Amino acid sequence: MLRSPFFYSILFLFLFSCKEKKTIDSQTESIRKEAFSLRNKGYENLKKQNFNTAFHEFNKSKILFETLNDSANIGYALISIATIQQVNGDYYGSKETATEALAYYNEKNTYTSSINLILGIADKELSLYDDAIFYYKESIKDETDPVLKHDIMSNIAVVYIYQKKNDKAIALMESILNTKPFNEKSSAFSKARIQDNLGYAYFKKGMEEKGFRLMSEALQKRNEINDTYGSIQSYLNLADYYSKKDIQKSDENALTAYNVATNLNSVDERLEALQILISNNNSPNKIKYVQKYFTLNDSIIRVRNNFKNKSAKIKYDSKKEKDENEKLRLEKAENLLALQKEKYLRIVLVIIFIFLVILIAILIRYYKNKNKAIEFKASYETETRIAKKIHDELANDVFNVIAFTESQPLSKENTKENLLQKLDDIYGRVRGISKENNRIDTGANFTISIKEMLSSYNTSERNVIFTNLENVNWEIIDDIKKITISRILQELLVNMKKHSKANLVVLKFENDQNSILINYTDNGIGCEKNRIVKNGLQNMESRIHAVKGTVDFETEPDKGFKAKIVIPKQTKI
């Protein structure tokens with residue numbers, strides 16, 4: 001529930017500080033003016049939150065600064081681009097751009113500090129907490145402003161709370177609050193934020209009375225200095241505090257956080273508030289909150305995906321334009337040599353093409369045979385499981401019904417009703433086995449079928465929440481992996497239904513260049529880790545291993561159940 005400072009407000013302090021260089025000739029002067037004009041426009045649009053336009057303008061200015069060999073301004077443009085990517089939730093893209101920016105600064109300075117700050121925040125949002133702390137510390141080394149140093153140090157304290165290292169978080173924040181800058185009026189916003197986080201750390205440590213006092217004082221200070229955005233986190237932290245003590249007060253704080261976040265158009269905070277309201281399960285508006293959560297979550301996914309697609313196209317078009325211009329210049333200078341090279345290249349390409357065709361044909365044949373073996377193994381295991389289930393659950397019931405009909409007079413009405421009830425129970429079990437093993441739609445309706453399957457486990461006592469399902473490009477995933485993913489999700493939920501007694505289940509889908517990641521969490525009773533296989537998940541592990549995937553379980557009695565599943569998009573041959 002904790003959140004780092006609104007990072008791009010800090011980064012604005014670094015913008016517009018690059019010194020303009022004197023030009024040599026009129027052509028260079030013209031390029032220089034256009035580059036700085038685009039940079040200035042990008043800065044203004046960034047302040048107005050016109051992120052797509054700002055992204056385009058900074059990217060164009062970067063290309064022009066490259067023609068001038070202006071390293072400082074190239075890095076400046078890249079920092080701005082990385083900032084925009086981070087605001088729009090593209091943390092992997094932001095890390096890539098920020099890392100590229102580091103290459104343009106030979107000396108440690110304010111710019112390297114802001115770059116490391118971007119990398120630290122990205123890794124924190126991606127739950128890479130040790131990496132986040134490393135980059136925050138690197139950022140502090142290069143920062144000269146004492147107030148900004150303490151802001152970054154408070155980010156480290158927030159990560160410590162995420163890591164449940166509350167003692168370290170408390171010690172660090174106490175030391176920050178006792179330093180001179182926090183006696184100044186200019187740091188009132190930072191002081192209130194750190195005090196709120198300190199109170200939350202005390203609360204998480206078990207010192208609830210002290211934690212509550214600090215959080216309450218921090219909220220009061222935020223209201224006094226009109227820190228409306230910061231007050232959202234205070235209400236969320238207090239909602240968490242009351243969730244185990246006074247559900248009504250927890251709902252009130254969560255609803256206040258939701259309303260303030262709505263007024264400020266802070267989508268992530270609205271989602272957090274809705275999660276608390278849904279988890280508390282104390283309102284007649286629960287269904288309404290669930291619907292709002294999914295609508296809002298789907299909306300932000302669409303917006304961020306749209307930004308990623310647009311930014312990727314802008315980068316691609318810019319690179320293509322630059323490459324084409326470079327190619328034209330080379331062709332004018334070396335036309336004859338280019339033609340000779342082209343002839344030679346054609347011959348080489350033909351040879352490579354023939355070789356690749358043969359190699360691809362061999363690999364496809366091998367891969368098909370390998371997939372058949374995997375599919376046969378999975379089918380065998382499924383058939384074995386079904387046979388065992390029929391033997392264990394149905395055979396005895398059928399035998400008992402036969403014995404019942406032989407020993408009881410069927411002419412009696414109550415005997416008939418008893419027999420019909422037994423037959424209906426057997427029929428229901430047969431339908432259940434059939435439903436668990438029916439055909440899976442791996443086509444265009446795959447995500448719809450997954451949503452329907454997951455939603456079918458929702459009850460009045462249990463919420464199943466799933467996010468980012470449509471963020472995965474399922475079209476490039478082969479049918480075997482889709483079937484595998486569907487089956488393992490079904491087995492996870494069946495196991496949850498039988499054993500966990502959970503009332504909240506969260507499934508988060510993520511993906512990177514190589515893999516699909518599924519994070520499963522429930523708040524059930526958990527179990528000893530060495531009993532996981534006995535609870536019916538052995539078949540699920542076999543399915544995952546069959547497609548070269550991995551699964552890690554995290555569970556303890558009375559502490560819920562977690563599973564992290566990684567499925568490669570392309571299985572290595």
Side-chain angles (χ1 to χ4, degrees), residues 3-18 35-36 38-66 70-105 109-126 128 131-132 135-136 138-140 142-143 145 148-149 151-152 154-155 158 229 264-268 300 303-315 318:
R3 184 168 297 278
S4 294
F6 204 36
F7 60 87
Y8 63 99
S9 65
I10 295 177
L11 293 178
F12 280 145
L13 298 175
F14 307 139
L15 297 176
F16 261 38
S17 60
C18 289
F36 277 96
L38 285 166
R39 193 190 77 164
N40 295 347
K41 290 177 181 177
Y43 172 69
E44 292 299 324
N45 278 306
L46 183 56
K47 287 198 297 182
K48 296 174 183 176
Q49 298 187 13
N50 298 328
F51 298 121
N52 288 331
T53 303
F55 186 99
H56 177 75
E57 288 164 344
F58 279 125
N59 193 67
K60 291 285 286 185
S61 72
K62 178 183 79 76
I63 294 171
L64 294 175
F65 284 128
E66 285 174 343
D70 187 343
S71 297
N73 275 301
I74 295 169
Y76 169 88
L78 287 168
I79 291 172
S80 303
I81 291 170
T83 301
I84 295 169
Q85 289 174 307
Q86 202 158 88
V87 172
N88 283 275
D90 185 10
Y91 297 109
Y92 287 108
S94 176
K95 287 181 65 176
E96 181 180 355
T97 304
T99 302
E100 183 183 353
L102 275 175
Y104 291 96
Y105 297 103
N109 53 35
T110 299
Y111 291 95
T112 56
S113 176
S114 64
I115 291 169
N116 282 309
L117 178 60
I118 291 171
L119 292 169
I121 294 171
D123 281 334
K124 192 271 289 183
E125 293 295 331
L126 294 169
L128 303 172
D131 291 343
Y135 285 117
Y136 283 147
E138 290 297 307
S139 179
I140 291 170
D142 303 336
E143 184 51 59
D145 187 305
L148 293 181
K149 275 181 178 284
D151 279 334
I152 302 168
S154 71
N155 282 8
V158 169
Y229 178 78
L264 295 179
N265 197 27
S266 299
V267 180
D268 290 326
I300 194 173
V303 170
R304 288 177 175 173
N305 283 342
N306 185 47
F307 169 81
K308 290 177 186 177
N309 293 334
K310 285 185 178 180
S311 62
K313 187 177 187 304
I314 289 171
K315 282 190 172 183
S318 299

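Small disclaimer: the values here were computed from a predicted structure and weren't measured.
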**Q** Could you tell me the separation between the OG atom of Ser94 and the CD atom of Gln86, rounded to the nearest 0.5 Å?
**A** 4.0 Å

**Q** Which value, rounded to the nearest 0.5 Å, describes the distance between Gln85 atom CD and Ser80 atom OG?
**A** 11.0 Å

**Q** Please report the interatomic distance CD1(Ile81) to CG(Asp90), rounded to the nearest 0.5 Å.
**A** 12.0 Å

**Q** Looking only at heavy atoms, what is the nearest atom pair of Asn73 and Arg39, with distance?
**A** OD1-NH1, 2.9 Å

**Q** Looking at Gly120 and Ala132, what are the two nearest heavy atoms and their distance?
**A** O-CB, 3.3 Å

**Q** Does some side-chain heavy atom of Asn155 sit less than 4.5 Å from a side-chain heavy atom of Lys124?
**A** no

**Q** For residues Ala54 and Leu46, report the shortest heavy-atom separation together with the two atoms involved.
**A** CB-N, 3.8 Å

**Q** Rounded to the nearest 0.5 Å, how far apart are NZ of Lys62 and CD of Glu100?
**A** 5.5 Å

**Q** Return the CD1 to CG distance between Ile140 and Leu148, rounded to the nearest 0.5 Å.
**A** 11.0 Å

**Q** List the atom of Ile152, the atom of Ser113, and the distance in Å for their closest heavy-atom pair.
**A** CD1-OG, 4.4 Å

**Q** Could you go through Leu117 and Ile121, starting from their C-alpha distance and side-chain angles, then the distance that decides it, and tell me whether this counts as side chain to side chain contact (heavy atoms under 4.5 Å, CB included)?
**A** CA-CA 6 Å; Leu117 178 60; Ile121 294 171; 4.0 Å; yes

**Q** Quick check: closest heavy atoms across Ala98 and Ile115, and the distance to 0.1 Å?
**A** O-CG2, 3.3 Å

**Q** Quick test of your reading: applying salt bridge (charged side-chain N to carboxylate O under 4.0 Å, His left out), list the pairs with at least one residue in residues 73-84, sequence neighbours left out, ordered by first then second residue.
**A** none

**Q** Checking Tyr135 now: which residues fulfil side chain to side chain contact (heavy atoms under 4.5 Å, CB included) with it, not counting sequence neighbours?
**A** Asn116, Leu119, Asp123

**Q** Taking atom CG of Asn40 and atom CG of Asn45, what is their separation to the nearest 0.5 Å?
**A** 11.5 Å

**Q** Quick one: does Asp151's side chain get under 4.5 Å of Glu143's, heavy atoms only?
**A** no

**Q** Just one of Tyr111, Phe58, Tyr104 clears the side chain to side chain contact (heavy atoms under 4.5 Å, CB included) bar with Leu78, so which one?
**A** Tyr104

**Q** Under 4.0 Å between a Lys/Arg side-chain N and an Asp/Glu carboxylate O for Glu44 and Lys47?
**A** yes

**Q** Scan side-chain atoms only and decide if Asp142 and Thr112 contain a donor-acceptor pair under the 3.5 Å cut-off.
**A** yes

**Q** Between Phe36 and Phe65, does the ring centre distance come in under 6.0 Å?
**A** yes

**Q** Kindly give the heavy-atom pair with the smallest separation between Ala77 and Ser61, and that separation in Å.
**A** CB-OG, 3.9 Å

